[in-house]
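What's counted below: heavy atoms across the whole structure, side chains too, no hydrogens, waters or symmetry copies.
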Amino acid sequence: MLRLFHSLGWFWLWVLHLPGQLAPVTGKGVDVAHYRERVKSMFYHAYNNYLENAFPYDELRPLTCDGQDTWGSFSLTLIDALDTLLILGNVSEFQRVVSVLQESVNFDIDVNASVFETNIRVVGGLLSAHLLSKKAGIEVEAGWPCSGPLLRMAEDAARKLLPAFQTPTGMPYGTVNLLHGVNPGETPVTCTAGIGTFIVEFATLSHLTGDPVFEDVARKALKTLWKNRSEIGLVGNHIDVITAKWVAQDAGIGAGVDSYFEYLVKGAILLQDKELMSMFHDYNKAIKNYTKFDDWYLWVQMYKGTVSMPVFQSLEAYWPGLQSLIGDIDNAMRTFLNYYTVWKQFGGLPEFYNIPQGYTVEKREGYPLRPELIESAMYLYRATQDPTLLELGRDVVESIEKISKVDCGFATIKDLRDHRLDNRMESFFLAETVKYLYLLFDLDNFIHNSGSSFDVVLTPYGECVLGAGGYIFNTEAHPIDPAALHCCKKQKEEQWEVEDLMREFYSLQRNKKFTLTRTSNKKGDEGQKDSADSPSGCCKEKINSKQKERQIPLLSCPSQPFNSKLAVLGQVFLDNT
């Protein structure tokens, strides 16, 4: 149990929550409790209208009060909203929806689906709900979290995506038919994010099921992108997955690239992976050198570094939140405030904003209720408690309710200049926008747990600590408990026999000096030192030639005072306030 608890990674706990530091706040007139309830009302107005008017379709059309399928006919909004229900405290509805999904969702359908969207929304949503099931009061089956109906559904959906990865480069096609695989004639051109946004969900799936294929294909795709970066360290926007030739050579942090960078950081934290974090730091240097201008990030030609588009895209607003995860708080706040000025100008973030002109870009004036700026506000507030971030949350609530709310839900804003509406409410509104808003105002939510409470679960592979906090959000805001990845590590029967023999041997040698250390016969095992009586204790002597001594987990940090909020690779970022 001690090994599993240590594996939670105190770095992540420091990032998301400041133990013992959060007191009730109003922040320049922002009534946190009031806006928390306003956000909850927003959720139920949208959610109930989806159930009444659109289910079982993927999305609600709020202007005509009906539904439509958009990403594959999965009842997508219901899957995306599931973990938000629990975060809002609605246990009974969470339980009901789990039953509905098990009965109604089927992935054996002749549908062409986005590999990227299916992964982040469906696989990610099901995995998160699976890992939260016990907290939601569901009677889980024996062997949970290493088994369960939602986990089997997530695995089924992910297997439907695997044919897309069968390319010479290991980079996936953008679309796959769930019944027949990749269609003949499918375009080999895929965006960078559509290639590099799988490691969080696929590694989680591999660790829970014991099947390495998911993590393997995700890693291969990441590494292929890395190998094909330009000489100045940048990646383009779209690439041919067959030839690895860049088709769109604009480099930036926004649409088409964004979640690739996000998953290098989150994958590194989730898996304690030095290589992934090193990749991101190298990219970050190139991004600062070539794309950053006065705390804005522009688009540049990936080989030359010359500016190609002096625009800010609303999808780029995740970047300050990502910066906060690596401890770069000052730069994160400056960039965030730039983005916040755009919000104040329009009451939302236009898809494209021309920075030199200070105005929207033609045909990109819409705001589909995206979450990215709110996401960054939530991360930065957990790290700084700056009341400006609560003010952003207040402004978002007021703006969305004034501009976007209609009788049957919340409508996409087609044009921020005149606030015309479009007949669509994307599933990410309930999965991300409302969730991040609620977590910004709900200071004591279980997601913010500092590790002061947790559950000990008995699995077929030993005791496991869950629910201690440090959740990692996938790019669709589905929280993954990193401790769960250590619950289902299958041991070879022969290793258990060796360990049993060694415990018996050690019991006869208690009076002798004998050094014990945790070892592994599986590459990547990040086990910690255990006592002699631990099931994982094993003699340091050469017992099995395949066993390797564990290395110190990359992102683990020594115990620090609570005001030491952030740490990466051993560097601690202190609170100087």
Side-chain angles (χ1 to χ4, degrees), residues 15-16 120 191-193 196-197 200 233-237 250-269 276-277 279-300 302 307-343 348-355 367 370-384 386 388-389 392-393 396 428 432-433 436 440 472-477 566 568 573:
V15 171
L16 272 185
I120 67 171
C191 70
T192 302
T197 310
V200 170
L234 297 173
V235 289
N237 200 275
D250 293 310
I253 61 171
V257 184
D258 47 4
S259 50
Y260 170 47
F261 296 136
E262 178 187 356
Y263 271 38
L264 289 176
V265 173
K266 291 182 176 179
I269 297 169
L276 297 182
M277 187 63 83
M279 288 179 186
F280 176 78
H281 281 305
D282 284 353
Y283 279 132
N284 198 26
K285 291 176 185 175
I287 288 166
K288 288 179 179 179
N289 287 339
Y290 294 101
T291 76
K292 185 178 180 183
F293 297 86
D294 294 329
D295 299 310
W296 294 94
Y297 293 84
L298 311 185
W299 288 82
V300 302
M302 65 177 289
V307 175
S308 58
M309 293 190 296
V311 301
F312 156 62
Q313 299 177 348
S314 61
L315 283 169
E316 296 171 14
Y318 78 99
W319 188 256
L322 193 64
Q323 287 177 303
S324 76
L325 293 184
I326 62 169
D328 195 3
I329 299 297
D330 289 341
N331 283 321
M333 281 299 296
R334 286 195 293 269
T335 298
F336 176 87
L337 292 174
N338 279 345
Y339 299 167
Y340 189 12
T341 62
V342 179
W343 180 281
L349 290 185
E351 293 289 71
F352 281 29
Y353 178 82
N354 187 300
I355 297 169
Y367 171 55
R370 291 197 186 279
E372 283 77 15
L373 189 63
I374 308 156
E375 173 186 4
S376 286
M378 190 276 289
Y379 278 113
L380 285 168
Y381 186 73
R382 299 310 301 179
T384 68
D386 188 324
T388 303
L389 300 156
L392 176 277
V396 169
F428 60 64
E432 301 184 75
T433 307
Y436 284 131
L440 176 63
I472 294 174
F473 290 99
N474 86 335
T475 198
E476 190 76 2
L566 304 161
V568 175
F573 298 83

Which heavy-atom pair separates [X] from [Y] by the least distance, and what is that distance?
| X | Y | value |
| --- | --- | --- |
| D386 | M333 | OD2-CE, 3.5 Å |
| V200 | G267 | CG2-N, 4.3 Å |
| G236 | T192 | O-OG1, 2.7 Å |
| G252 | V257 | O-CG1, 3.6 Å |
| A377 | L440 | O-CD1, 3.8 Å |
| F336 | L392 | CZ-CG, 3.8 Å |

Rounded at 0.5 Å granularity, tell me how far [atom1] in [X] sits from [atom2] in [Y].
| X | Y | atom1 | atom2 | result |
| --- | --- | --- | --- | --- |
| T384 | L389 | OG1 | CG | 5.0 Å |
| E432 | I374 | CD | CD1 | 9.5 Å |
| D282 | L234 | CG | CG | 11.5 Å |
| N284 | D328 | CG | CG | 7.0 Å |
| L264 | H281 | CG | NE2 | 10.5 Å |
| L349 | R370 | CG | CZ | 10.0 Å |

Parallel, tilted or perpendicular for [X] and [Y], by the 30°/60° rule?
| X | Y | value |
| --- | --- | --- |
| Y339 | F312 | parallel |
| W319 | F280 | tilted |
| Y283 | Y260 | perpendicular |

For the side chain of [X] and the backbone of [Y], is there at least one donor-acceptor N/O pair under 3.5 Å apart?
| X | Y | answer |
| --- | --- | --- |
| T291 | Y297 | no |
| N474 | I120 | yes |
| T197 | Y263 | no |
| Q313 | A255 | yes |
| S376 | L373 | no |

>> What I want to check is whether the side chains of E316 and W299 have a donor and an acceptor closer together than 3.5 Å.
In response: yes
>> Does either side chain, that of T475 or that of S259, offer a donor lying less than 3.5 Å from an acceptor on the other one?
In response: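 The answer is no; no qualifying pair exists.
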> Does any non-hydrogen side-chain atom of Y367 lie less than 4.5 Å from one of S314?
Replying inline: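 No, their side chains stay 4.5 Å or more apart.
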>> Tell me every residue that passes salt bridge (Lys or Arg N to Asp or Glu O under 4.0 Å) with D295, counting only those two or more places apart in sequence or in another chain.
In response: K292, R334
>> Show, in sequence, the C-alpha distance, side-chain angles and deciding distance for I253 and L322, and conclude whether the side chain to side chain contact (heavy atoms under 4.5 Å, CB included) test is met.
In response: CA-CA 11 Å; I253 61 171; L322 193 64; over 6 Å; no
> Taking only residues at least two apart or on different chains, which pairs with a member in residues 254-263 satisfy salt bridge (charged side-chain N to carboxylate O under 4.0 Å, His left out)?
Replying inline: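 Qualifying pairs, neighbours excluded: E262-K266.
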